[in-house]
Protein chains: 4
Amino acid sequence: MTLTAILEDIADEFRDVSERGVVANYIPPLACVDPTKFGMAVVEADGQIHTVGDADEAFSIQSISKIFGLTLALDAIGDALWTRVRQEPSGSAFNSIVQLESEYGIPRNPFINAGALVVSDVLVSHYGVQEAQQKILDLVRPLTRDAKNIVIDRNVALQEKETGFRNAALVNYMRTYNNIENPIEKTLELYFHQCALTMSCHQLAEVGAYLMTGSWNPITGRQVTSTLHARTIMALMMMCGHYDASGSFAIRVGLPGKSGVGGGILAIAPGVASVAVWSPGLNEYGNSLLGTRALERLVQRTGWSVFNAYHMK
Amino acid sequence: MTLTAILEDIADEFRDVSERGVVANYIPPLACVDPTKFGMAVVEADGQIHTVGDADEAFSIQSISKIFGLTLALDAIGDALWTRVRQEPSGSAFNSIVQLESEYGIPRNPFINAGALVVSDVLVSHYGVQEAQQKILDLVRPLTRDAKNIVIDRNVALQEKETGFRNAALVNYMRTYNNIENPIEKTLELYFHQCALTMSCHQLAEVGAYLMTGSWNPITGRQVTSTLHARTIMALMMMCGHYDASGSFAIRVGLPGKSGVGGGILAIAPGVASVAVWSPGLNEYGNSLLGTRALERLVQRTGWSVFNAYHMK
Amino acid sequence: MTLTAILEDIADEFRDVSERGVVANYIPPLACVDPTKFGMAVVEADGQIHTVGDADEAFSIQSISKIFGLTLALDAIGDALWTRVRQEPSGSAFNSIVQLESEYGIPRNPFINAGALVVSDVLVSHYGVQEAQQKILDLVRPLTRDAKNIVIDRNVALQEKETGFRNAALVNYMRTYNNIENPIEKTLELYFHQCALTMSCHQLAEVGAYLMTGSWNPITGRQVTSTLHARTIMALMMMCGHYDASGSFAIRVGLPGKSGVGGGILAIAPGVASVAVWSPGLNEYGNSLLGTRALERLVQRTGWSVFNAYHMK
Amino acid sequence: MTLTAILEDIADEFRDVSERGVVANYIPPLACVDPTKFGMAVVEADGQIHTVGDADEAFSIQSISKIFGLTLALDAIGDALWTRVRQEPSGSAFNSIVQLESEYGIPRNPFINAGALVVSDVLVSHYGVQEAQQKILDLVRPLTRDAKNIVIDRNVALQEKETGFRNAALVNYMRTYNNIENPIEKTLELYFHQCALTMSCHQLAEVGAYLMTGSWNPITGRQVTSTLHARTIMALMMMCGHYDASGSFAIRVGLPGKSGVGGGILAIAPGVASVAVWSPGLNEYGNSLLGTRALERLVQRTGWSVFNAYHMK
């Protein structure tokens, strides 16, 4: 069965499911999204793309953008990053402040909010707020066949800021440990703008494909980062990409993945495929409910889990 | 270069290293082990084995045995296990009791001490203390070409018990949440005996090879568990196999692995290889210092990281 | 109005109250107590006693006994006790184990379970299990006009032991930090027997009267402890005597007090009165619901709060 | 011996002590204070005042000002305050954020930073930032014979703000639980200005004397608050006035007291005396080292501990 047929099967299976989770509602632009949306896109190692459903509709990728911020920060300062953020799962909710108190303001990993804020702070120090936003767009846009609608949604960023007291608490708190270098509001500004990045599943699967290959984009041939950084990012996606449900995702899906509160997930089958899925309803851990189930089904059908002995065939 | 040559290179590299970590010293049988010991063994998918150094010397595999206890418990009660222990990294030290208080006596995963004690309790309920110990031996012995010296070291078990107040605290504590079914001392007895399992790197790589294939032993052809269970166990090894250094291990080595305080590590390259390494000195996280570095080197040389795009070649 | 009349007023007020809290039900001997029981006794500075209701009925004083264990331990080893247990409120539930992990096995104060277990361990070291029990009886019995029914209820102690997994967890856990000197089961045995001490409000008010005077029993003239120890014990009762509702008790009642899960409370108005109250139903914090309210009313009527400027009159 | 003679004895005793603790150094205006300063003032129930040493030199009273903020807030909204801040000791450092996460943004008491920030927020809601500052001055100034130098030090407030990231974190964090009603910066502004209140020991003992009497100032006869509020404030001072050393202070001194990082302490002997002491060096818990010892000595000499049976004499 072709990959396209598998994707269509999956979309069919979930079309009439009523239990779709709860759409994020802390800001209107997210709360208003139609919960029945469902899209999926797969880029294979040869650059071929397969899509289904609402794969061409742009959505707010939110925390998935932390992958791109981390890519830029590693390219900017390399291993020096690891003096300011660790590489371990947190065992806590994505926005917990507790661990910072006992661990001297050093976040557990770059994918929980505190860690992503440190990454933003690194980029503000290196590039400034405005240029860093441009850097993110300059990183992702050339990696797609069509970058139309890949934008930073200023309205989303603004509304994130207006309700972002917890992130403000995290930055202020890390500042007391000298783990924030820039004025609080600048670091937050970049963070909120990065998270407001908007694109479609189609585009996201293409943009993320440099992780699948280990460094370069299979559509354009463009080198994006080093193999070492790509591998590090995928390991962290595996360990911490789904907050406090990362272990369950590793068992059920078995691929490095990163979810966002907008309902998107990017998952990578190293050497094989870059997969993006979008369904706005979230499960209790804040990850796309149907998105996770769709990836689980895809891996069952394709055998793409990294824990699969498929190389023996 | 052949695998044997690579192993010899690695053994050569570490032979005269002076920084070898600290040998566990909480019980004499561990404290007395010669810190200069170093052994490594690799079983390939076709059952071929390569060894170097002290690969045939028996050592106390300690927490690596949690893999085998988990295998038996999953085969005994299946998914019912997950009502009593979760599947997430803990973000805490291996013997922490804190998380149990906020999470109602349900341990984070089967590889931290609390979780492994629940697994032992499951086996005591299912088999009784004596038969469960026999079950463990019956599981591992037939998976090796030569099972000589694969024993449960009663002296180690006894001394573990005499100093095992923290594990006794964990069991008592979980009992208050009704997450321990048997008398405290029985569950502890099985746990201490399981951890006292003794074998060599050579044997450990052979025993663990059923994870590499996804369910069966490549030497004997014997079916050991289901593919689903093998994959679940490997996912948990990846997420939680090295305590609070699991993320770092995922980045540096990129294989599911499980360490023991005796200085051993079992790592699996799915479909490719089962690797055992032994060097008694531990790093600050309680994992073998040179063992971890040896696996890092092996993966650099072979490209076996699951995050590697090696399938593209 | 005379003190006896005030007590009768209070008993009248609470006689038909339907909201009486929940009787402790973790062991049958406590669960079976009639929730409508209510007794109160006040010993004045001159030794005069006033009682009302079920003031002569014996009940299980439970944690109130920690006052007497602490008195004996301070007399046995003095300030050396404070190297093993601190003097601060815990900010946690009475049976929390969390703080022990971050504070190296040193409990916050002698009135939370962990701290009282350390006190028991001190007494076992000093006297042995059997003699320590006798010491407790020898301390309290001579302080009353009639010591009949002041016993250690062996059945209560036994049943506490059978369900006492959390206390067993605490002792084992502190043992890992070398803050328990004796075999786990011995320290627990004394603890459970001390908590099984049985007496009436009448007797409890008389026994506790040495705190009111600052060291000696006003009925017998017998010297019980030093003024320094009496003052230390009262300060700790004020700070930690009502678990996680000690602050609320200080505001509402304003006297050093100690509650027990059997529904008793001993409160001391320094230089003025020793007060015992008993009503088996507990509030959400594990303190006697009506007992607390009765003390609040008594203090409103007498002006006995230590924060009252009554000395100015 | 007269009270003045006792104060002089105490001042003599500490004059040449070399171990004086460490002066707070997070902002220059505090860091620059001469560590050899020592002053003490006692106002008796009849309004008579006794002073020694640098009792007339103004210093930054810092957290002692939380008493006056709390007095105003209770007078403004009464018991409604207790829905936003609790009445229990925290068992944590004064600036801990951990408890807020598990307790839904409700601080433990009004004397830890988080709780005092809620009190400030109440005052901003009720009065506005500017008027609330004036209210504080209007509360304290008329309570002294000479209010000269009782000011809010704008320079201190400004520098607090510039380094106050942890307090900003606390306010932002509580805001996520809707426990802050005003713009972050306004609540912080009042908090920093309140803490910048400056006065002498002489003045502080006079200002605080309304607690001793239970509501009115013994010098002017002026009613300040209700007896209920005065008693509540003193109970909270006893339970939480010295951060994580409140228990030790209760044992050693036995009076409700409140310390400030500027090295001052206000302690109240209900019905007897209002005592202010100032020595800038702090102990490991952030309380004045010699100030605590001076109060301990004073209580030894006068018998003023509330746990003392002095009423019997």
Side-chain angles (χ1 to χ4, degrees), chain B residues 24-27 84 90-108 112-115 117-118 120-121 124 159-189 191-192 243-244 261 286, chain C residues 24-27 84 90-108 112-115 117-118 121 124 158-189 191-192 243-244 261 286:
Chain B
N25 58 10
Y26 66 98
I27 56 170
R84 296 184 52 191
S90 75
S92 309
F94 66 99
N95 55 11
S96 174
I97 205 164
V98 169
Q99 216 143 18
L100 290 179
E101 182 153 321
S102 55
E103 298 184 355
Y104 308 101
I106 307 294
R108 271 298 173 108
I112 52 172
N113 286 16
L117 285 160
V118 166
S120 288
D121 189 61
V124 173
Q159 298 204 29
E160 294 274 2
K161 184 185 165 193
E162 280 173 2
T163 60
F165 299 108
R166 193 180 277 252
N167 287 315
L170 291 168
V171 182
N172 274 289
Y173 198 69
M174 291 189 288
R175 176 70 189 260
T176 66
Y177 293 101
N178 296 316
N179 198 19
I180 291 292
E181 297 172 345
N182 298 285
I184 304 301
E185 55 280 8
K186 291 204 172 178
T187 297
L188 284 171
E189 187 182 346
Y191 178 82
F192 290 135
Y243 310 118
D244 218 14
V261 77
Chain C
N25 58 10
Y26 66 96
I27 56 170
R84 296 185 52 190
S90 76
S92 310
F94 65 98
N95 55 12
S96 175
I97 204 163
V98 169
Q99 215 143 19
L100 290 178
E101 183 154 320
S102 56
E103 297 183 357
Y104 308 100
I106 307 295
R108 271 298 174 109
I112 52 170
N113 286 16
L117 285 160
V118 166
D121 191 61
V124 173
L158 185 68
Q159 297 204 32
E160 295 275 2
K161 185 186 166 192
E162 280 172 3
T163 60
F165 299 108
R166 193 180 278 254
N167 287 316
L170 291 168
V171 181
N172 274 289
Y173 198 69
M174 291 189 289
R175 176 71 189 260
T176 67
Y177 292 100
N178 296 316
N179 198 19
I180 292 293
E181 295 171 347
N182 298 286
I184 303 302
E185 55 281 7
K186 292 205 171 176
T187 297
L188 285 171
E189 187 182 346
Y191 178 82
F192 290 133
Y243 310 120
D244 217 14
V261 77

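These figures come from a predicted structure and were not determined experimentally. What you see below is based on every heavy atom in this structure, not just the backbone, and it leaves out hydrogens, waters and symmetry mates.
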All donor-acceptor atom pairs under 3.5 Å, backbone and side chain, chain C-chain B:
| unit_1 | atom_1 | unit_2 | atom_2 | d |
| --- | --- | --- | --- | --- |
| C/S96 | OG | B/E101 | OE2 | 2.7 |
| C/I97 | N | B/E101 | OE1 | 2.8 |
| C/E101 | OE1 | B/I97 | N | 2.8 |
| C/E101 | OE2 | B/S96 | OG | 2.7 |
| C/R166 | NH1 | B/Y173 | OH | 3.3 |
| C/R166 | NH2 | B/Y177 | OH | 3.1 |
| C/Y173 | OH | B/R166 | NH1 | 3.3 |
| C/Y177 | OH | B/R166 | NH2 | 3.1 |

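Using a 4.5 Å cut-off between heavy atoms, B/I180 makes no contact with chain C at all. With a 4.5 angstrom heavy-atom cutoff, C/L100 does not touch chain B via any of its atoms.
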